[in-house]
Amino acid sequence: MAEKFKAPRGTFDVLPEAMARRELVLRTAADIFSRAGYDWVSTPAFEDTDLFERGVGKSTDIVRKEMFTFEDKGGRSLTLRPEGTAPICRAYVEHGMHKLAQPVKVAYHGPFFRHERPQAGRYRQFHQIGAEAIGSDSPLADAEVITLLSDLVEELGVPGVELRLGSLGSLEARREYLEELKRHLHSREDELSEDVRERIDLNPLRAFDSDHEGTRAVMADAPQLLDHLDQADAEHFAEVRELLAAASVEYTIDPTLVRGLDYYTRTIFSFVCDRLGAQSEIGGGGRYDGLIGQLGGPDTPAIGWAAGMERILLALDEEVAIPGMDLFIAVAEDSQRAKAVALAGELRHAGISVEIDLAGRSVKGQMKQAGRVRAARTLILEDGDAARLRDMATGEEREVEPSGLLELLAS
Ligand code: HAM
C-alpha cells in the first residue's frame with residue numbers, strides 16, 4: 001500500500017467545526033477593531049531574512065533558532081514570517097505611510113511560523129490576531145491598544161486571564177541598566193544556567209525568563225529596570241497606568257516582565273491565562289519606538305500586540321458555541337426532492353441558512369442529519385403541498401404553507 005502522508009510536525013489541519021470556532025473569534029476581534037477604527041491589513045507570508053534579523057534582533061531565540069529560512073531561485077534569503085510587527089513597519093516605510101494622518105491604526109490575522117519544539121499551545125505554524133497603532137507616543141495610544149486585547153479576552157469570555165504590565169524605558173536608560181544587570185550576572189556566573197551564562201553580554205534581560213532554579217535565585221536579587229526609568233519614561237508609564245485604571249482595565253505591575261523580541265521600548269504587557277500550561281501567554285506586546293527608524297524610516301513611535309488564536313481556543317476549552325443552520329429541509333417522499341432544492345435556493349438567496357439531504361436518507365436519517373447540523377428548525381415536505389415545521393429545541397410541530405415560509409422564518 002502507498003505510504004500515507006501526515007501534516008508536518010508542529011502543524012495541524014483545521015477541520016470544519018474547529019474552523020467555525022476560529023471564525024467566531026475572528027468576528028469578535030473584527031467587531032472590536034472596527035469599533036475603535038483599526039483597519040485590516042495583510043502582508044506577505046515571507047520577507048527578506050534581513051528584515052527579521054534587524055527588526056526582531058539577532059540575539060533573540062526567534063532569529064537564532066526558530067526561523068524557517070530558505071533561498072529562492074534567485075539566490076535571495078527569505079524567511080517565513082515569525083511575527084507581524086516588523087513586516088507591518090516595513091510596509092509603513094515602503095508606502096510612505098508617515099504622510100497619512102497619525103497614528104495609522106491597523107489590525108491583522110494570519111499564519112506565522114517558528115521552528116520551536118511543539119507542545120500544547122506551541123506550534124510551528126500558528127495563527128496570530130494583532131493590532132498596531134503607529135505614529136503616536138502618547139500614553140493614550142498605549143491605553144487604547146491594550147484595551148483592545150482586554151476587550152477581546154472579555155468579550156470571548158476567556159477565563160482566568162491576568163494582564164501584566166511593565167516598562168522597559170527608553171533605549172538610553174535601558175543601556176545603563178543593562179550594564180548594571182550584566183555586572184550582577186557576572187558576579188554570580190557559576191549559579192546560572194549554561195544558556196543564560198552564554199548570553200550575559202548578548203541579552204541579559206532574558207535571564208528573568210529562565211525557569212532554572214539557580215538562575216531564579218540570582219534574579220530574585222537582581223536590580224530592577226522599573227527602578228531605573230528616567231523621569232520622562234516614569235511619567236509616561238504612570239500615565240498609561242492612570243488611563244488603564246480610568247478605562248477599568250485591571251492589571252498587575254510585573255517588574256521582571258521581559259519579552260522575546262528586541263524592539264520593545266517603554267510599555268510592555270502580557271495577558272496570561274491560568275488555564276494554559278507552560279505556554280500561558282494568550283497575547284502580548286508593547287511599544288517599539290525605535291523600530292521604524294531602524295528599518296530606514298523616519299523616527300516613529302508605535303505600539304501594538306499579537307494574540308495566539310490557538311492559545312485563545314485552548315483557554316476557552318471549546319466553550320465557543322458554534323451557530324447552527326437556520327433550517328433543514330427534509331422530504332417524506334423522494335418525489336419532493338426537486339421541490340426541496342428549489343425552496344432551499346430561494347431561502348438561501350433571502351439570507352437564510354438552509355441545508356437539504358444530499359445522501360438519499362430516510363426521513364428518520366434526515367431528522368438525525370438536521371440535528372447534526374444543529375438546525376434551529378426542520379421543514380418536512382409531505383405529499384402534495386403539505387408541510388410541517390418542527391422546532392428542534394422544543395420538538396413542537398405545526399402545519400405550514402411552504403410558500404409563506406420566508407415570512408415565517410424571518411419573523
Ligand atoms: P510574541 O509574544 O512573540 O509577540 O507572540 C505573540 C503571541 O503569539 C503569543 O502571546 C502567543 O499567544 C502566540 N505565539 C507565539 N509563538 C507561538 C507558537 N509557536 N505557537 C502558538 N502560539 C504562539 C509578537 O509576535 C509581537 N509581534 C507582538 C507585537 C505586536 N508587539 C508589538 N506589536
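Numbering starts at 1 and runs along the sequence shown. Atoms within a ligand are numbered from 1 in the order they appear, just like the ligands themselves. Just the heavy atoms: all of them, side chains too, but no hydrogens, waters or symmetry mates, feed the values below.
- The ligand atoms of ligand 1 that sit less than 4.0 angstrom from a heavy atom of Gly285 are 31 (N).
- Taking a cutoff of 4.0 Å between a charged side-chain nitrogen and a carboxylate oxygen, Glu179 and Lys182 qualify as a salt bridge.
- If you check each of Arg81, Gln119, Glu116, Gln128 against atom 24 (C) of ligand 1, the one with the closest non-hydrogen atom is Gln128.
- When non-hydrogen atoms are compared, ligand 1 lies under 4.0 Å from neither the backbone nor the side chain of Ile303.
- When the options Tyr288, Trp305, Tyr263 are ranked by their closest heavy atom to atom 26 (C) of ligand 1, first place goes to Tyr263.
- Between Arg197 and Glu189, no side-chain nitrogen of the basic residue sits less than 4.0 Å from a carboxylate oxygen of the acidic one, so the salt-bridge criterion is not met.
- For ligand 1, none of its N or O atoms has an N or O atom of Leu261 under 3.5 Å away.
- For Tyr264, every heavy-atom contact with ligand 1 shorter than 4.0 Å involves the side chain, none the backbone.
- The only option from Arg114, Arg199, Arg117 that meets the salt bridge (charged side-chain N to carboxylate O under 4.0 Å, His left out) definition with Asp61 turns out to be Arg199.
- Between the choices Arg259, Arg114, Gln279, the shortest heavy-atom distance to atom 2 (O) of ligand 1 belongs to Arg259.
- The single protein non-hydrogen atom nearest to atom 13 (C) of ligand 1 is Gly308 CA, 3.8 Å, given as residue, atom name and distance.
- Among protein heavy atoms, the minimum distance from atom 9 (C) of ligand 1 is reached at Glu281 OE2, 3.5 Å.
- The residue Arg124 has no part lying near ligand 1, judged by heavy-atom distances below 4.0 Å.
- At a 3.5 angstrom cut-off on N or O pairs, Arg122 does not count as close to ligand 1.
- The residues Glu155 and Arg35 are annotated as salt-bridged, a charged nitrogen and a carboxylate oxygen being separated by less than 4.0 angstrom.
- Taking only nitrogen or oxygen atoms, main chain and side chain alike, Glu310 does not reach within less than 3.5 Å of ligand 1.
- Ion pair Asp233/Arg266 flagged as a salt bridge, since at least one NZ, NE, NH1 or NH2 atom sits closer than 4.0 Å to an Asp/Glu carboxylate oxygen.
- Near Glu83, the atoms of ligand 1 lying under 4.0 angstrom from a non-hydrogen atom of the residue are 25 (O), 26 (C), 27 (N).
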Apply salt bridge (Lys or Arg N to Asp or Glu O under 4.0 Å) to residues Glu396 and Arg388 and explain how you reach the verdict.
CA-CA 10 Å; Glu396 250 170 66; Arg388 279 181 292 135; over 6 Å; no
Evaluation steps, salt bridge (Lys or Arg N to Asp or Glu O under 4.0 Å), between Glu176 and Arg174:
CA-CA 5 Å; Glu176 277 172 37; Arg174 187 149 30 126; over 6 Å; no
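- For the side-chain contact (heavy atoms from CB on, under 4.5 Å) test, residues two or more places apart in sequence or in another chain that qualify with Ile352 are Asp326, Leu347, Val354, Leu406, Leu409.
- For atom 33 (N) of ligand 1, the nearest non-hydrogen atom of the protein is Glu132 OE1, 2.8 Å.
- At under 3.5 Å, a nitrogen or oxygen of Ile282, whether backbone or side chain, sits near a nitrogen or oxygen of ligand 1.
- Residues passing the salt bridge (charged side-chain N to carboxylate O under 4.0 Å, His left out) test with Glu191 are Arg188, sequence neighbours excluded.
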